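None of these values were measured; they are calculated from a predicted model.
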Amino acid sequence: MDLFNVYPLVNITPAKALGAKLWDDKGQEYLDFYGGHAVISIGHSHPHYVQRLTEQLQDIGFYSNSVQIPIQRELAEKLGRVSGYEDYMLFLCNSGAEANENALKLASFHTGKKRVVAFRGAFHGRTSGTVAATDNPKIVAPFNAGHAVSFVEYDLEAVLAVLHGGDVCAVIVEPIQGVGGIIRPSDEFMRHLALLCWANDVLLIADEVQSGYGRSGKFFAHQHAGLRPDIISVAKGMGNGFPIGGILISPKLQASYGLLGTTFGGNHLACAAALAVLEVIEDEGLLAHATEIGDYLRKELEAHAGAVEIRGRGLMVGIKYDFPIKEIRDKLLTEHHIFVGNASDPTVLRLLPPLNITRAEVDRFLEALYALVPQEVRTV
């Protein structure tokens, strides 16, 4: 049996990882400035993370959600306190797509309506409802295309026009678009969007799958705008590589048996991984560190990268040029041995390093980037 081809693969086989570094099967070292799509939040193979998972596995790795699993409550209490959402409820699943799918379903259950408002450039996942709410027709199969989804720009009047139709259950928004190119709606827009939703009996879902867990310098990126969404989806950095996702649910929504469900979600190992992440974020002050190092990185890029625009917050950074960045991205990997990302916009280089990246590692990346950007671009 062969594998079903999903992505074009680079000819590198990572065999070992520690912190922000990877080594391939030939012993070549790489700097990880992408974190496997923002998944690596506290660094590869963090000692506390390894210890937590090892100890849990020696006790019990899995049983289904038909029994008491105290570590789930431990995770919910810790996440509520660290994130500032102690009064919310937590539903655990296995991925960002699952988190968003359940968020949309819950909104539809709660309101009795079915239309979803999403934004141009959005990426919310590849399950049935989430891919329909993703602004990329190439990955939407006919089976998925029947969902009632309205795409709008970051325009409050356009949002309001759809809400006036009376059939909208939810507005789903990324506080910072990742795949879309590190696009950030303004804080003022986010605040007014929340007001529109609440005035029209529509739930606001903040997709923090990529922008959450300290990535922006606050625990959630929407907290920069000072609002509290009805549902918040999380995944990626939540488990530092162990598959886990979830939604934080406002107390105004009511739970009932069978409304949501999962077999693997919230298993013992996943919760141990998620607790380790929260413990390291707290113990090492990674929110403040992401802010400090992120500010340093963006200021350096603004001064020297010759870019059209430097986007993002914290350690979620986009570098937009007026030319395609593929060659720079490829050479960063093949010549300088640094992993970075791209976006649906071919002119944007995407940076998502571990939250404990060091200034020396940032400087190594900057030196490599500057060596590859044409001098005439950097001096404009």
Side-chain angles (χ1 to χ4, degrees), residues 1 3-4 6 13-19 22-23 25 32 35-83 88-103 125-127 208-210 212-214 232-249 255 257-284 286 354-356:
M1 182 183 292
L3 293 174
F4 190 81
V6 176
T13 304
K16 184 179 178 181
L18 183 64
L22 301 163
W23 290 266
D25 55 352
D32 188 2
H37 304 300
V39 167
I40 301 301
S41 51
I42 60 170
H44 295 276
S45 303
H46 191 287
H48 180 66
Y49 177 83
V50 173
Q51 180 183 5
R52 258 288 201 172
L53 278 169
T54 301
E55 291 176 352
Q56 183 62 56
L57 185 57
Q58 288 170 342
D59 291 335
I60 181 172
F62 172 81
Y63 203 78
S64 74
N65 284 288
S66 60
V67 299
Q68 297 290 326
I69 304 178
I71 197 171
Q72 292 182 349
R73 291 193 177 278
E74 185 183 353
L75 173 57
E77 290 168 5
K78 182 83 168 179
L79 176 55
R81 182 176 59 76
V82 175
S83 69
Y88 276 46
M89 297 167 285
L90 177 64
F91 171 76
L92 291 165
C93 53
N94 308 285
S95 70
E98 272 191 66
N100 283 328
E101 190 81 22
N102 280 286
R126 293 176 182 269
T127 53
E208 294 273 8
V209 167
Q210 192 169 130
Y213 266 74
I232 305 159
S233 57
V234 291
K236 293 197 182 290
M238 184 179 190
N240 200 53
F242 198 99
I244 185 171
I247 50 176
L248 283 66
I249 305 164
Y257 293 137
L259 196 66
L260 304 179
T262 174
T263 296
F264 295 106
N267 66 74
H268 297 76
L269 280 175
C271 288
L275 278 164
V277 168
L278 291 172
E279 287 157 0
V280 172
I281 285 175
E282 272 201 309
D283 294 346
E284 298 186 6
L286 293 188
L355 302 184
N356 48 9

S.K.: Could you measure the distance from the OG atom of Ser95 to the CD atom of Glu101? Nearest 0.5 Å is fine.
M.R.: 9.5 Å

S.K.: On a heavy-atom basis, which atom in Gly246 and which in Cys93 lie closest, and how many Å separate them?
M.R.: N-SG, 3.7 Å

S.K.: Rounded to the nearest 0.5 Å, what separation is found between the CD atom of Gln56 and the CZ atom of Phe62?
M.R.: 13.0 Å

S.K.: Rounded to the nearest 0.5 Å, what separates atom CE in Met89 from atom CG in Leu248?
M.R.: 10.0 Å

S.K.: Over all heavy atoms of both residues, which pair between Lys236 and Val209 is shortest? Give the atoms and the distance, please.
M.R.: CB-O, 3.3 Å

S.K.: Where is the tightest heavy-atom contact between Ser41 and Gly237, given as atom of each residue plus distance?
M.R.: OG-O, 2.8 Å

S.K.: Tell me which one of Val39, Leu79, Leu355 satisfies side-chain contact (heavy atoms from CB on, under 4.5 Å) with Tyr213.
M.R.: Leu79

S.K.: Take Asp59 and His268 through the side-chain contact (heavy atoms from CB on, under 4.5 Å) test and state the conclusion after the steps.
M.R.: CA-CA 9 Å; Asp59 291 335; His268 297 76; over 6 Å; no

S.K.: CD/Glu74 to CG/Leu275 distance, rounded to the nearest 0.5 angstrom?
M.R.: 4.5 Å

S.K.: Please examine the side chains of Ile42 and His48, heavy atoms only from C-beta on, and report whether any two atoms are closer than 4.5 Å.
M.R.: no

S.K.: Between CG of Asn240 and CG of Leu278, what distance do you get to the nearest 0.5 Å?
M.R.: 11.0 Å

S.K.: Is it the case that over 12 heavy atoms from other parts of the model lie below 6.0 angstrom from the CZ atom of Arg73?
M.R.: no

S.K.: Using a 4.5 Å cut-off on heavy atoms from C-beta on, say whether the side chain of Cys271 contacts that of Ile69.
M.R.: no

S.K.: Check the surroundings of atom OH in Tyr63: do more than 12 heavy atoms from other residues, nucleotides or ligands lie under 6.0 Å from it?
M.R.: no

S.K.: About how many Å separate CG of Leu269 and OG1 of Thr54, when rounded to the nearest 0.5 Å?
M.R.: 9.5 Å

S.K.: What are the two closest non-hydrogen atoms of Ala17 and Ser45, and how far apart are they?
M.R.: O-OG, 3.0 Å

S.K.: Quick one, Val280 with Tyr49, criterion side-chain contact (heavy atoms from CB on, under 4.5 Å). Give me CA distance, side-chain angles, the key distance, then yes/no.
M.R.: CA-CA 8 Å; Val280 172; Tyr49 177 83; 5.8 Å; no

S.K.: Does any non-hydrogen side-chain atom of Leu260 lie less than 4.5 Å from one of Ile247?
M.R.: yes

S.K.: Over all heavy atoms of both residues, which pair between Ile244 and Ala274 is shortest? Give the atoms and the distance, please.
M.R.: CD1-CB, 3.8 Å

S.K.: For the residue pair Asp32 / His44, report whether a side-chain donor-acceptor contact shorter than 3.5 Å exists.
M.R.: yes

S.K.: Check Asn94 against Gly265 and note the closest heavy-atom contact, atom names and distance.
M.R.: OD1-N, 3.3 Å

S.K.: Within the structure provided, determine whether Met238 and Val277 are in side-chain contact (heavy-atom separation under 4.5 Å).
M.R.: no

S.K.: Determine whether Leu92 and Leu75 make a side-chain contact, defined as any pair of heavy atoms from C-beta on separated by less than 4.5 Å.
M.R.: yes

